[in-house]
Each structure stands twice: as structure tokens, then as C-alpha cells.
Amino acid sequence: MKKKLIRLIAIAAGLLILFVTTDPQKLPSFVLILPFVAFFVFIFFSTKWLALRRTSIQSRATRLAILCASLPTLLAVLMSLGQLTVKDVATTVVLFVLSYFYIARNALNTEPR
């Protein structure tokens, strides 16, 4: 448990250092993707850590963490591109709610009884 917490703190510190020390105008384009990847990984591990505290089912926690990390990451990408509108947020939220229910229903059908 401590190892996971240390990993989360390291990712958060790395993100903070990246945001404070870099100028996006002077970076190569492939480096501009790193904050989004680190943001996704940070939210993924945080959500998975919290989900595993409530349930012991690893696959369910992973599915929940992927969905919970994907939504803010996608919204952050759209916002950074200047393409985030209320319609985009509503569409994305509806898409993720439908995905959650589809994955939850599919998981119930595939779990051993």
C-alpha cells in the first residue's frame, strides 16, 4: 500500500515539476503529450487505489479506474485544443455513462458464478 502511495506522490511531483519548469512554446511536439499521459496515469492509479479499498475485485477496480481517468483526460485534451464547449462536455459525459453501464452489465455476465 505504501509503495502505491509513493508512486502516486512521485507522479504528482513529476507533473508539478513539468508544469513549472517548461515552456510549451519551446518544447518538441512529442513532449506536449507527456502531461496528458501523466495526468491519466495519476488519476488511474488514484482511482484504482481508492476502488481497491472498497472492493477486493481487481478487474472491477481497473475498469472503474480506466473510465474515471479517461473522462477528465479527454476533457483536458479538448480544453487544451480550444475545442471544449458545453455540447462537447454533455456528449462526452453521456458517452462515458453509457460506457460505464455497458461495461458493468458485461462484467456481470462474464463473472464466474
Side-chain angles (χ1 to χ4, degrees):
M1 211 51 146
K2 284 187 177 185
K3 189 175 183 180
K4 291 180 183 180
L5 188 59
I6 290 171
R7 191 180 335 169
L8 286 175
I9 292 170
I11 292 171
L15 262 175
L16 184 64
I17 290 169
L18 182 69
F19 286 141
V20 171
T21 61
T22 58
D23 180 17
Q25 301 294 331
K26 297 178 183 176
L27 289 176
S29 59
F30 71 90
V31 178
L32 295 174
I33 297 171
L34 289 178
F36 298 111
V37 172
F39 184 64
F40 177 84
V41 169
F42 177 73
I43 295 174
F44 173 77
F45 282 124
S46 300
T47 308
K48 188 172 180 181
W49 181 66
L50 290 172
L52 284 175
R53 295 183 82 197
R54 295 191 51 104
T55 182
S56 62
I57 302 171
Q58 181 84 15
S59 61
R60 185 174 293 169
T62 302
R63 286 189 299 262
L64 178 66
I66 288 172
L67 279 175
C68 289
S70 298
L71 179 63
T73 304
L74 179 61
L75 293 176
V77 167
L78 288 173
M79 186 174 66
S80 73
L81 294 173
Q83 297 294 317
L84 188 64
T85 63
V86 175
K87 188 168 73 171
D88 294 330
V89 172
T91 304
T92 305
V93 169
V94 168
L95 176 69
F96 276 87
V97 168
L98 290 174
S99 298
Y100 174 76
F101 286 121
Y102 176 76
I103 290 171
R105 186 182 66 102
N106 193 23
L108 288 175
N109 292 338
T110 60
E111 287 181 0
R113 297 179 190 237

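When all heavy atoms are compared, the tightest approach of Leu52 to Ala61 is CD2-CB, 3.7 Å. Here the closest heavy-atom approach between residue Thr47 and residue Cys68 is recorded as CG2-CB, 3.7 Å.
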- Message: For a side-chain contact (heavy atoms from CB on, under 4.5 Å) check, start with the C-alpha distance between Leu71 and Leu67, then their side-chain angles and the critical distance, and finish with the verdict.
- Response: CA-CA 6 Å; Leu71 179 63; Leu67 279 175; over 6 Å; no
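Following chains of ILVMFWY side-chain contacts shorter than 4.5 Å, one cannot reach Ile17 starting from Leu34, and the two form parts of different hydrophobic clusters. Residues Ile66 and Leu95 do not share a hydrophobic cluster, defined by chaining ILVMFWY side chains whose heavy atoms lie under 4.5 Å apart. Hydrophobic clustering keeps Val77 apart from Phe39 (ILVMFWY residues linked when any side-chain heavy atoms are closer than 4.5 Å, directly or through intermediates). Leu27 and Phe36 are assigned to two separate hydrophobic clusters, defined by single-linkage of ILVMFWY side chains at heavy-atom distances under 4.5 Å. One hydrophobic cluster, built from ILVMFWY side chains closer than 4.5 Å, cannot hold both Ile43 and Leu16; they sit in different ones.
Between atom CG of residue Leu81 and atom CE of residue Met79 there is a gap of 10.5 Å, rounded to the nearest 0.5 Å. Here the straight-line distance linking atom CD1 of Ile33 with atom OG of Ser29 works out to 7.0 Å at 0.5 Å rounding. Taking CZ of Arg63 as the reference point, atom CD of Gln58 lies at 11.0 Å (rounded to 0.5 Å).
When each of Val94, Leu98, Thr92 is paired with Phe96, the side chain to side chain contact (heavy atoms under 4.5 Å, CB included) condition holds for Thr92 and for no other.
Inspection of the Asp88 and Thr91 side chains reveals no N or O donor paired with an N or O acceptor under 3.5 Å.
In the displayed structure, Tyr100 atom OH is contacted under 6.0 Å by at most 12 heavy atoms of other residues, nucleotides or ligands.
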